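As structure tokens, the structure follows; a few thoughts come after it.
Residue numbering restarts at 1 for every chain, and letters A, B, ... go by the order of the sequence lines. On a predicted model such as this, the values are computed, not experimentally measured, just so you know.
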Protein chains: 4
Amino acid sequence: MNTRSSALVAETGRRNEAAILNAAIHAFGTKSFNGASMRDVAKGAGTSLSNLYNYFPSKSKLLAAAMRHANDELQRRVRTAVDQAGDDAPSRLREAVRAHVGFVVDHRVAMVVSTNDVRFLDAEDRDALVVDRDATEATFERIIAQGTTEGSFHTPYADDAARAILGAAGAIAGWYRPDGPLSRGQLAEQYARFALALVEGPLPR
Amino acid sequence: MNTRSSALVAETGRRNEAAILNAAIHAFGTKSFNGASMRDVAKGAGTSLSNLYNYFPSKSKLLAAAMRHANDELQRRVRTAVDQAGDDAPSRLREAVRAHVGFVVDHRVAMVVSTNDVRFLDAEDRDALVVDRDATEATFERIIAQGTTEGSFHTPYADDAARAILGAAGAIAGWYRPDGPLSRGQLAEQYARFALALVEGPLPR
Amino acid sequence: MNTRSSALVAETGRRNEAAILNAAIHAFGTKSFNGASMRDVAKGAGTSLSNLYNYFPSKSKLLAAAMRHANDELQRRVRTAVDQAGDDAPSRLREAVRAHVGFVVDHRVAMVVSTNDVRFLDAEDRDALVVDRDATEATFERIIAQGTTEGSFHTPYADDAARAILGAAGAIAGWYRPDGPLSRGQLAEQYARFALALVEGPLPR
Amino acid sequence: MNTRSSALVAETGRRNEAAILNAAIHAFGTKSFNGASMRDVAKGAGTSLSNLYNYFPSKSKLLAAAMRHANDELQRRVRTAVDQAGDDAPSRLREAVRAHVGFVVDHRVAMVVSTNDVRFLDAEDRDALVVDRDATEATFERIIAQGTTEGSFHTPYADDAARAILGAAGAIAGWYRPDGPLSRGQLAEQYARFALALVEGPLPR
DNA sequence: AATGAATGAGGATTCATTCAT
DNA sequence: GATGAATGAATCCTCATTCAT
């Protein structure tokens, strides 16, 4: 019951905690924060309702933890990809976008939670998350700035292009179906090119 | 109390109906469908809770009506813009994007409802909405196909570019602030160029 | 089910409100504020749980309203008694004590609520109640001061005698049983004498 | 954290037991039996929730033990005081009242628990406590009877005067503040005189 | 003794909806 | 159309208690 094909949180040490977090992501992503009940989460995690509160003090804190995990994983993937790419802006942007799209495809529900339910966090948790989120955005912004400086990207709107790219990529979560016509790889490829074109960078022929 | 600067639904004939719809869009957009109560809507519309049911038979049908209105307005704007543009794909795409972005900026909350809450509609209403939505998407797809055929757009992914453009534009609702550094006009201008670049079309210098 | 022998709140106009208040006094007095559930109150009032909230916004506000009613009735009785007594301090004290004891006997549960559950009110409601309560206490203090000035009471502790008298009278609620050896009238008589003796005033032979 | 200025139960041998009992008295006295949770008690005692059950089999039994301790201490103080007083009823009553008031002042919360929460004991425990309580009351009754027989007290209501005196003294717990205008000693003095006056006994000039 | 994890029952409160007026 | 009162189901969360360690 717990073996959802691609759980976001790995079960290391604290069995239940991971199970609860994954169930929460699933429930919130599917039915939205307010539409999913703690009972739903408990059922999904295979534990009792009250036991949830031994791990997370409130529904909102559970959401915060779930979103933190999702964001960490996204950042980890993007950073790794950028680090392993070449030094030039085009290949770095390309790999960053591919990694980002890969995450969105692998964890569509987590992505939905991330974009829809931030508003239900405590002010404190929300602020912390926004900081993290901005860090991811900043990674893209830096690459684009680098490309502009280097002369490989010619967009006059370098400052705002990152948001457009991340917006397009994030929206994938809303419509992608793994059994649809596009494979994960094709999609990543497409969006990498869209991104390069958008910043008016060099395109493979 | 009802005079929200830019109400989506105009008050023609049925006073209350428009007030209720606008209040619903505001409430659902702000607190999400499940987070907003019918009491919230009633309060926002300046009428009594029970009176809501004289206009809409259920919360879900109210949501459906609200989304229908939002979608109609979006489609109207985009179509008008396209009709008034030149005959060539680049200017048509440019105007379509400008119109779309304009709508998103003017009705951010409605946009949020539209993208987040479709899942709470009855199957029937959801299907109807998806059809309408696809129509808007198809408008963009047709323009891109035209441009590709004409030879002005060179993207190899003509079939999927519309979704990327609409995704980027829709995401604006999540972060745009009217008192921020970007004016409505500048934003429309930016995204029009992003779109043209993305489809690898001709860019003004 | 509602016809408790001596309801504190009379049913005038708003049927349900009186029924709820009386049920609340009964439930809180019997099982204490935290031990009584809103369901208990609803059952006692013959209405549904959720309907309670159409009359009182929270359990704590319901308690506040109940205590307000109890205090009003107590004050009313004491004032009437004092007004109808002679002008001399001894007969005024006598009548005040008799009225107070009468109230305690008639509404023992209300008295229990009043003395035990003040701490569960909102700060605001608690303050308001304390003011009212002090007013009752002040009535006794004034009489004692008058008696001291007139020379009929000789206690050296005139300032604190009221609290002792009210304490003794309030405690009656904890042990009095209507079917016990003491009648309501005898009890009132006893405590009136106790009070006069305590302030070292003139005693009937 | 456990060192409350005047703990009722001394730490002899079983550290934890005393800590738990004192924490229970504090919690129940502050928030009432139903308002205080076993978690509150555990926190106050500096131990774990589950460990409480190694000392007391249930919340209600814990309450019983706490009340037993409070009552024992009260009785001990009153008896000692009476034993050390002279043989005449007036000085015995005087010392008994002083001791009783002293206890109430020193252990206000314990007194609150004692008077408010008896009803939450098991029938068995409640009966046992009532017996103990009656013993304390009987001490006062005996002194008053003695005084009446000796001819030093003239109240016609000798049988019921004890309850009035104890009621007045017990109520002190509800309003006394150590930082208020009355010292512990003054208060004891006042109530001793109130008691003597109430039974119509001889008063110091 | 001591603990952390677990649980079923029950707590106050809110909700969408209905109905009599 | 419009309203206030009514309700059953569901919400989040807390509780006393147990159990394995």
Is the phosphate of [N], meaning OP1 or OP2, less than 4.0 Å from a side-chain N or O of [X]?
{"X": "Tyr55(D)", "N": "dA2(E)", "value": "yes"}
{"X": "Thr47(B)", "N": "dT3(F)", "value": "yes"}
{"X": "Asn51(D)", "N": "dG4(E)", "value": "no"}
{"X": "Ser48(A)", "N": "dT7(E)", "value": "yes"}

The side chain of Arg39(D) is closest to which nucleotide in this list: dA16(F), dG1(F), dA1(E)?
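The nucleotide sitting nearest to the side chain is dA16(F).
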Measure from the side-chain heavy atoms of Ser50(C) and tell me the nearest of dT7(F), dT7(E), dT18(F).
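Ranking dT7(F), dT7(E), dT18(F) by closest atom to the Ser50(C) side chain puts dT7(F) first.
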Let's test this: given Watson-Crick or G-U wobble pairing with both distances under 3.5 Å, identify the partner of dT21(F).
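The base-pairing partner of dT21(F), which may sit in any strand shown, is dA2(E).
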Counter-base of dG11(E), judged by Watson-Crick or G-U geometry with both distances under 3.5 Å:
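Because both required distances fall under 3.5 Å, dG11(E) counts as paired with dC12(F).
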Which residue lies toward the 5' end of DNA chain F, Gly35(D) or Asp40(A), if each is placed at its nearest nucleotide?
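First, find each residue's nearest nucleotide; the 5'-ward one identifies Asp40(A).
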Contact nearer the 5' end of DNA chain F, comparing Phe33(D) with Asn34(A):
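Closest to the 5' end, via its nearest nucleotide, is Asn34(A).
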Rounded interatomic separation in angstrom, taking [atom1] from [X] and [atom2] from [N]:
{"X": "Glu17(B)", "N": "dA2(F)", "atom1": "CD", "atom2": "P", "value": "11 Å"}
{"X": "Lys59(D)", "N": "dC15(F)", "atom1": "NZ", "atom2": "P", "value": "8 Å"}
{"X": "Tyr53(C)", "N": "dG11(E)", "atom1": "OH", "atom2": "P", "value": "11 Å"}
{"X": "Ile20(B)", "N": "dG1(F)", "atom1": "CD1", "atom2": "P", "value": "10 Å"}
{"X": "Leu62(C)", "N": "dA12(E)", "atom1": "CG", "atom2": "C1'", "value": "12 Å"}
{"X": "Phe56(B)", "N": "dT18(E)", "atom1": "CZ", "atom2": "C1'", "value": "19 Å"}
{"X": "Leu63(C)", "N": "dA12(E)", "atom1": "CG", "atom2": "C1'", "value": "14 Å"}
{"X": "Asn16(A)", "N": "dT7(E)", "atom1": "CG", "atom2": "C1'", "value": "13 Å"}

Any base atoms under 4.0 Å from Leu52(A), or only sugar-phosphate, or nothing? Heavy atoms, all strands.
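If one applies the 4.0 Å heavy-atom cut-off, Leu52(A) turns out to touch nothing in the nucleic acid.
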May I ask you to say what Ala36(A) touches in the nucleic acid, namely base, sugar-phosphate or nothing, with a heavy-atom cut-off under 4.0 Å?
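Sugar-phosphate: the residue Ala36(A), judged by heavy atoms under 4.0 Å, touches backbone atoms but no base.
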Hey, does the side chain of [X] reach the backbone of [Y] with a donor-acceptor pair shorter than 3.5 angstrom?
{"X": "Lys31(D)", "Y": "Phe120(C)", "result": "no"}
{"X": "Arg39(A)", "Y": "Ser48(A)", "result": "no"}
{"X": "Lys61(A)", "Y": "Asp122(A)", "result": "no"}
{"X": "Thr47(A)", "Y": "Lys43(A)", "result": "no"}
{"X": "Asn22(B)", "Y": "Ala18(B)", "result": "yes"}

Start with the C-alpha distance between Ile20(A) and Leu52(A), add both sets of side-chain angles, then the distance that settles side chain to side chain contact (heavy atoms under 4.5 Å, CB included), and finish with yes or no.
CA-CA 7 Å; Ile20(A) 292 171; Leu52(A) 256 43; 4.0 Å; yes
On DNA chain E, check which nucleotide each of Ser37(B) and Met38(C) is closest to and give me the residue with the more 5' one.
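Going by which nucleotide is closer to the 5' end, it is Met38(C).
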Under 3.5 Å, is there an N or O donor on one side and an acceptor on the other linking the side chain of Asn54(C) and the base of dA6(F)?
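Side chain to base: pair present.
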